[in-house]
Q: 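Can you read through this structure? Questions will come right after.
All values below come from the heavy atoms of this structure, side chains included, with hydrogens, waters and symmetry mates left out. Read the numbers this way: they start at 1 and go in the same order the structure lists the ligands and their atoms. Index from 1, following the sequence. Given the structure is predicted, the values throughout are model-derived calculations rather than measurements.
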Amino acid sequence: MSQQHTFNLSSPALAEATTELLRELVTLSEASQEISAELSIDKLLQRIVDRARSLVGCQYAALSVIGEDRRIRSFITSGIDEGARERLGDPPVGKGILGLILDADQPLRLDDISQHPTSAGFPPNHPIMKTFLGISIRYAGKTFGNLYLTEKHGGGPFTEVDAQLVRMFAAQAGVALENARLFAEVQQQQRDAIQERLSMEAVLNSTAQGIYTLNADWRITRVNSHALRMTGKTADQVIGRPCWEVFPYQTTNGRSLCQSACPARLTIASHASGYIMEAVLPLNERPLPVALLTDAIHDQDGKVVGVVETVRDITQRKEVDEIRDNIVSLVSHELRTPLAHIKGFSSSLLQPDVEWDEETKIDFIRSIDHEADRLSRLVSDLLDMSRLESGRTVMRPEPVDAVGLVHSAIERTGNFLRDHVVEVDIPRDLPRLAVDPNQSERVLENLLENAAKYSPPNSQITVSARRLGAHLRLGVHDQGIGIPNADKERIFEKFVRLEQDKAFRSPGTGLGLSICKSIVEAHGGHIWVENNKGGKGSAFYFTLPLAMGRQRPPTSIRGEQ
Ligand code: ADP
């Protein structure tokens with residue numbers, strides 16, 4: 001089937017043939033350059049078929065791309081309009097002629113494809129073909145697919161020159177496809193790497209701990225958002241900076257750790273991993289207490305190439321520790337003081353060689369009794385607090401006369417109020433309260449005791465009551481040291497005692513008011529403190545519910561405080 005060219009060297013036909021060939025070579029070169037510049041695989045495939053068709057001048061061209069299993073993955077056509085393309089039906093199966101071409105080293109040129117013994121394998125509605133030129137596209141032993149051209153313009157068969165042009169073009173197409181494949185692979189790797197970096201960053205940023213990595217020169221190479229928040233800087237400001245500049249850790253006494261005991265250096269020096277220490281990060285007004293966990297980063301040969309440091313803000317834990325220490329020292333002080341007194345007085349009484357007079361004995365015994373009361377009060381406060389907090393204390397409301405409640409509380413606090421002038425300011429004909437009498441009385445007693453504890457002897461303490469809608473507001477007013485505005489809420493928290501009391505040296509655990517708050521709130525009321533109007537000192541108020549069904553309208557509201 002090959003065509004024989006015989007050239008008459010002197011004929012003008014030779015000049016014409018040479019010019020024609022040159023033109024074709026130029027077209028081939030342009031086509032090759034054009035496809036070499038294309039890196040998008042889809043565009044490249046289309047370009048290859050289009051350029052191959054224009055290179056030899058034919059009606060149709062098609063390119064089949066095969067997968068590893070030699071099955072055709074895509075089928076790209078040129079010269080077939082969209083409608084005809086849709087009507088084509090299933091793509092070729094890669095058998096018959098197309099299968100032959102895949103394995104052939106040379107182009108297959110047919111003057112009439114219908115005469116070929118294996119002309120099957122084309123899409124069912126393929127435009128009618130007669131002349132045919134097909135070739136495989138390969139690069140470095142790898143077959144990408146095949147390219148075929150049919151129906152050469154002018155009705156004649158494809159020539160040997162066509163076949164050679166297409167062979168050279170197919171070789172170029174193989175190179176271009178390999179380039180595009182490699183390019184796509186690199187792009188995919190880059191996309192995967194970016195995706196992995198983003199996922200890693202998302203993981204790092206989702207933890208509530210600061211994390212950063214250092215290289216072997218102690219410079220920061222990576223940092224998560226939590227660590228950045230601790231420094232108040234941006235990633236650009238810290239990446240590449242030495243770690244001691246960005247995270248100047250100190251000991252709790254303000255000594256720099258970076259010189260002497262830098263955790264990163266210690267980790268690298270000792271080849272340790274999981275090195276843990278506590279430090280302070282003095283970056284803001286209030287230095288941040290942190291726990292540091294340092295781990296070495298190794299390369300593939302096991303050499304340490306950097307460290308990763310995890311910084312955890314332990315402010316809360318420190319606060320809890322401090323509160324716990326305070327509670328322990330407060331409670332143990334409150335336990336030890338009365339015990340020491342009891343021990344002292346009882347030892348004195350038991351001294352065999354001392355004869356105490358009756359009055360002193362009674363005095364000692366009274367003191368022992370008083371201190372024992374104090375001890376039992378402390379223990380019951382602690383128990384009550386825990387019961388109230390856990391909801392194990394049940395309030396048993398019943399109709400209670402407010403005046404009776406106030407007088408009973410004053411009477412029971414008698415010992416404490418001995419040195420004070422107590423006034424009661426309660427309107428008559430108040431409706432009754434619907435409260436647990438013991439618990440409500442406890443609130444009043446506690447407030448009265450405090451009023452006495454925190455005000456000078458002979459000063460006045462007033463107990464007031466006012467109706468406020470469905471509630472009665474009870475008040476205990478003293479002329480004592482008062483409560484600073486900043487502490488007015490805090491004093492209702494457990495174990496809170498104010499600094500200012502130190503001068504008073506009054507015993508206490510800071511539990512009384514928090515117990516009052518729990519009791520009042522369990523009744524649906526509120527408790528708060530104000531400055532004592534019209535004098536110094538404080539006024540503690542709390543509300544309790546009135547027994548609504550049986551109530552009478554208030555007859556008077558006197559002396560609103
Ligand atoms: P305690 O009296 O046992 O310390 P409380 O819970 O009853 O505990 O009171 C908490 C703190 O509130 C007290 O230590 C004191 O500092 C302050 N406080 C309570 N009542 C008064 C008051 N009437 N005047 C001034 N300060 C008071």
Q: Would you mind running through ligand 1 and noting each atom that sits below 4.0 Å from a heavy atom of Gly510?
A: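 In order of number, 1 (P), 3 (O), 4 (O), 6 (O), 8 (O).
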
Q: With only distance considered, is Leu498 within less than 3.5 Å of ligand 1 through an N or O on each side?
A: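 Leu498 vs ligand 1: N/O contact under 3.5 Å present.
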
Q: Rounded to the nearest 0.5 Å, what's the gap from CZ on Arg412 to CG on Leu417? Could you check?
A: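 Interatomic distance, Arg412 CZ to Leu417 CG, rounded to 0.5 Å: 13.0 Å.
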
Q: Given Leu513, Leu447, Ile481, Asn446, which one has a non-hydrogen atom that is nearest to atom 5 (P) of ligand 1?
A: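 Closest candidate by heavy-atom distance is Leu513.
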
Q: With a cut-off of 4.0 Å, which atoms of ligand 1 are near a heavy atom of Arg497?
A: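 This gives 1 (P), 4 (O), 14 (O) as the contact atoms.
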
Q: Out of Asn532, Thr509, Val496, Val529, indicate the one that has the non-hydrogen atom closest to atom 10 (C) of ligand 1.
A: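 Nearest heavy atom to atom 10 (C) of ligand 1 lies in Val496.
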
Q: Under a 4.0 angstrom heavy-atom cut-off, which atoms of ligand 1 come close to Leu511?
A: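 Listed by number with element: 6 (O), 8 (O).
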
Q: I would like to know whether His477 and Tyr541 meet ring pair (Phe, Tyr, Trp, His ring centres under 6.0 Å); could you show each step before the answer?
A: CA-CA 9 Å; His477 316 248; Tyr541 292 108; 5.5 Å; yes

Q: Are Thr360 and Asp363 close enough, and set up right, to give a side-chain hydrogen bond (donor to acceptor under 3.5 Å, both in side chains), and what steps lead you there?
A: CA-CA 5 Å; Thr360 312; Asp363 220 31; over 6 Å; no

Q: Looking only at side-chain N and O atoms, does Glu441 offer a donor or acceptor that is under 3.5 Å from a partner on Ser408?
A: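 Glu441 and Ser408 do have a side-chain donor-acceptor pair below 3.5 Å.
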
Q: Is the closest basic N to carboxylate O distance between Asp381 and Arg442 below 4.0 Å?
A: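 Arg442 and Asp381: salt-bridged.
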
Q: Excluding sequence neighbours, so at least two apart, what forms ring pair (Phe, Tyr, Trp, His ring centres under 6.0 Å) with Trp244?
A: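 Trp244: no ring pair (Phe, Tyr, Trp, His ring centres under 6.0 Å) contacts found.
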
Q: Select one of side chain, backbone, both or neither to describe which atoms of Asp487 lie under 4.0 Å from any atom of ligand 1, heavy atoms only.
A: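 Within the 4.0 Å criterion, Asp487 makes no contact with ligand 1.
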
Q: Quick one: does Ser459's side chain have a donor or acceptor within less than 3.5 Å of a partner on Ser455's backbone?
A: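 Judged by distance alone, no pair lies under 3.5 Å.
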
Q: With a 4.0 Å heavy-atom cut-off (strictly under), which part of Asp478 contacts ligand 1: side chain, backbone, both or neither?
A: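 Within the 4.0 Å criterion, Asp478 contacts ligand 1 through side-chain atoms alone.
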
Q: Look at ligand 1 and say whether Ser538 reaches it with a heavy atom at a distance under 4.0 Å.
A: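 Yes, Ser538 has a heavy atom closer than 4.0 Å to ligand 1.
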
Q: Would you mind telling me if ligand 1 is within reach of the side chain of Lys453, the backbone, both or neither, using heavy atoms under 4.0 Å?
A: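 Just the side chain.
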
Q: What atoms of ligand 1 come closer than 4.0 angstrom to any heavy atom of Gly482?
A: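 Matching atoms, with element in brackets: 25 (C).
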
Q: When you check the side-chain N and O atoms of Gln460 and Thr462, is any donor under 3.5 Å from an acceptor?
A: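 Result is yes, a qualifying pair exists.
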
Q: Only counting residues at least two apart or in another chain, list the ones meeting ring pair (Phe, Tyr, Trp, His ring centres under 6.0 Å) with Phe345.
A: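 Only Phe364 meet the ring pair (Phe, Tyr, Trp, His ring centres under 6.0 Å) criterion with Phe345.
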
Q: Within a 6.0 Å radius of atom CZ on Arg181, are there more than 12 heavy atoms belonging to other residues, nucleotides or ligands?
A: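 Yes, CZ of Arg181 has more than 12 neighbouring heavy atoms, counting only those of other groups under 6.0 Å.
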
Q: Could you work out, for atom 18 (N) of ligand 1, the closest of Ile491, Ile515, Ile483 by heavy-atom distance?
A: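 Of the listed residues, Ile483 has the closest heavy atom.
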
Q: Identify, by atom number and element, the atoms of ligand 1 in contact range of Phe540, meaning under 4.0 Å from any of its heavy atoms.
A: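 In order of number, 20 (N), 21 (C), 22 (C), 23 (N).
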
Q: Please confirm whether Phe492 comes under 4.0 Å of ligand 1, counting heavy atoms of the residue only.
A: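 Contact check Phe492 vs ligand 1: negative.
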
Q: What atoms of ligand 1 come within less than 4.0 Å of a heavy atom belonging to Gly512?
A: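 Close to Gly512: 5 (P), 6 (O), 7 (O), 8 (O).
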
